[in-house]
Amino acid sequence: MYQQVRYGVFLRDVLMLAVTSFGGPQAHLAHFHKILVTKRNYLSEADLMELNSLCQILPGPSSTQTLVAVGFKIGGTSLAYLTLLVWTLPSVIFMTIMAISLFDIEQKNWSLEFTRFIQPMAVGFISYAAYSISVKTINTKTGISLMIMAAVTSYFIQTPFVFPAILFVAGLISALKYRAQPKEEKKKISVRWTSLILWAGVLVFAALMGWATKKVPEVTRPIRLFENFYRNGSLVFGGGQVLAPMLYTEFVKKDSTEEHVRPVEFSKKPFLNHDEFLTGYAIVQTLPGPVFAFSAFIGSLSMREYGTFGEIMGAFMSALGIFLPGTFLIFFVIRFWDSLKKYRAIRASLEGITAASAGLIAASAVILFQPLDNTVMNFAFTIGTFCMLAFTRVPAPYIILGGLALGLLL
């Protein structure tokens, strides 16, 4: 049983987690355990780990879904939505400010040379994410094979639709090994479809609204941003590291030589350039809270031609789009999870999904490094960042801040 708690106390703890939980989804779980289990005893360690396992097999931001699921379990739907808001708002606000500031600097023709080490460092972060996932979770020949196949496929077929297809096929292949999973007594599955219908309804409604307002670009673009991020949030497994290559494929202008984008129709993509994308991805690594807040940075820059209000609107619609589908899906599945997890095929599919996620991240590191100059300095900062993350305990924010400081000094 989950103990009854006061909303204010729980949300204050969530806010504390939002401003202190550095390190991405893997590290977030340790922070959650410290505050929610050890300090407050809102739930048991076993309950927390089970909720986290559930979120690993769902698309969306896993650490965000875990925290929202805790709020749902102990306080219902209202507390869950408040948990989502308090957890995501600090990092979303900061990333919006960073995007507006970056565009302002570009408009004033100020030098961005001090950020020149940030791009290769971001590639180092992505490389370490692939390494970390593979070392911790891939320990079979099937997993290794699926990781390699996912990496090669996503490298040569760089379209948004290839990512969910890779993850689905990988999960299906590993599900065939279900006999290796221990048997458990099955329970009858009783499904409440409300949240799933809401998830699908919002997706269809956003697409229809985008079509209906296509002749009014200042209205269409925020709606299309919402639809785009909502779709990606409905398909991405593995957290923000896997989201990065998806967003790069959809949003980054292939010609990165232009300093900023020209106004374009959204149907042709609201482009960022390569350096802007990597700068934003590096900045989000310095923040506590969800890596998916990177969506606010991209959404803001995608609306830059409409002024500050447009940038804020773009950030808000993008963040709302990326976080909502995972919330709807966790509400849907959590009600029958106790019955679903008894099926061996479901548990077996996790191996393939995780392995493919690692492959997607590894391929994205190569893709993101290619547009950078092949200089000794860029290689050194990429490899150095990877080694610091892998072999030292230096927190990620300090690594990024160190790179900015070196950019200023050198």
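Quick caveat, the model's predicted, so the values are computed rather than measured.
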Output the distance between atom CG (N41) and atom CD1 (I35), rounded to the nearest 0.5 Å. 13.0 Å
Output for pair (I148 CD1, T153 OG1), nearest 0.5 Å, gives 11.5 Å
Just say parallel, tilted or perpendicular for the rings of F379 and F369, cut-offs at 30° and 60°. tilted
Does the pair F251 and F277 meet the rule for a side-chain contact (heavy atoms from CB on, under 4.5 Å), with working shown? CA-CA 9 Å; F251 285 94; F277 185 91; 5.6 Å; no
Show your working on side-chain contact (heavy atoms from CB on, under 4.5 Å) between L36 and L17 and close with a plain yes or no. CA-CA 10 Å; L36 304 178; L17 288 169; 4.3 Å; yes
Is the shortest heavy-atom distance from the side chain of F10 to the side chain of Y7 under 4.5 Å? no
What pairs with T88 under side chain to side chain donor-acceptor pair (under 3.5 Å), at least two apart in sequence or on another chain? none
Are I283 and M95 close enough that some pair of their side-chain heavy atoms sits under 4.5 Å apart? yes
Which value, rounded to the nearest 0.5 Å, describes the distance between T279 atom OG1 and H274 atom NE2? 9.0 Å
What distance separates F226 CZ from S295 OG, expressed to the nearest 0.5 Å? 11.5 Å
Knowing that exactly one of M303, R304, M98 qualifies, which makes a side-chain contact (heavy atoms from CB on, under 4.5 Å) with F103? R304
Return each pair, listed once, that meets side-chain hydrogen bond (donor to acceptor under 3.5 Å, both in side chains) where at least one residue sits in residues 380-389; pairs must be two or more places apart or across chains. none
For Y155, enumerate each residue passing the side-chain contact (heavy atoms from CB on, under 4.5 Å) test, keeping only those at least two apart in sequence or located in another chain. A363, V366, I367, Q370
For A18 and P90, work out which heavy atoms get closest and say how close. CB-CG, 4.1 Å
Do F297 and L102 touch side chain to side chain, with heavy atoms closer than 4.5 Å? yes
Looking only at non-hydrogen atoms, find the nearest pair between A348 and A175 and report the distance. CB-CA, 4.0 Å
side-chain contact (heavy atoms from CB on, under 4.5 Å) between D13 and Y42: does it pass, once the steps are laid out? CA-CA 11 Å; D13 290 333; Y42 290 131; 2.6 Å; yes
Side-chain donor-acceptor pairs under 3.5 Å in residues 75-87, sequence neighbours left out?
residue : atom : partner : partner atom : Å
T83     : OG1  : L79     : O            : 2.7
W87     : NE1  : T64     : OG1          : 2.9

Within this structure, what is the CD-CD1 distance for the pair E276 and I298, rounded to the nearest 0.5 Å? 10.5 Å
Which heavy atom in L146 sits nearest to a heavy atom in G352, and how many Å separate them? CD1-CA, 3.7 Å
Checking S154 side chain against A151 main chain: does a donor-acceptor pair fall under 3.5 Å? yes
Distance from E311 atom CD to E305 atom CD, nearest 0.5 Å? 10.0 Å
What pairs of donor and acceptor atoms, side-chain ones from residues 314-333 against any protein atom, are under 3.5 angstrom apart with sequence neighbours left out?
residue : atom : partner : partner atom : Å
S318    : OG   : G314    : O            : 2.8
T327    : OG1  : F323    : O            : 3.0

Once side-chain contact (heavy atoms from CB on, under 4.5 Å) is applied, do any residues pair with I197, and if so which ones, sequence neighbours excluded? W193
Contact between R231 and E250 at the side-chain level, heavy atoms closer than 4.5 Å - yes or no? yes
May I have the list of side-chain donor-acceptor pairs in residues 388-410 shorter than 3.5 Å, sequence neighbours left out?
residue : atom : partner : partner atom : Å
T392    : OG1  : M388    : O            : 2.4
T392    : OG1  : V394    : N            : 3.4

Quick one: list whatever passes salt bridge (charged side-chain N to carboxylate O under 4.0 Å, His left out) with K177, sequence neighbours left out. E351
Please answer whether the main-chain N or O of I100 pairs with a side-chain N or O of D104 as donor and acceptor at a distance below 3.5 Å. no
side-chain contact (heavy atoms from CB on, under 4.5 Å) filter on I223, not counting sequence neighbours, yields M209, T213, V219
Quick one, L176 with L172, criterion side-chain contact (heavy atoms from CB on, under 4.5 Å). Give me CA distance, side-chain angles, the key distance, then yes/no. CA-CA 7 Å; L176 297 176; L172 186 62; 5.6 Å; no
Test side-chain contact (heavy atoms from CB on, under 4.5 Å) applied to I97 - qualifying residues, sequence neighbours left out: I93, S101
Nearest atoms (heavy-atom pairs only) where V252 meets N273: CG1-C, 3.9 Å
Tell me the closest heavy-atom pair linking S195 and R335, and the distance in Å. OG-NH1, 3.6 Å
Give the minimum heavy-atom separation between A293 and S91, together with the two atoms involved. CB-OG, 3.4 Å
Side chain of S234, backbone of Y230: donor and acceptor closer than 3.5 Å? yes
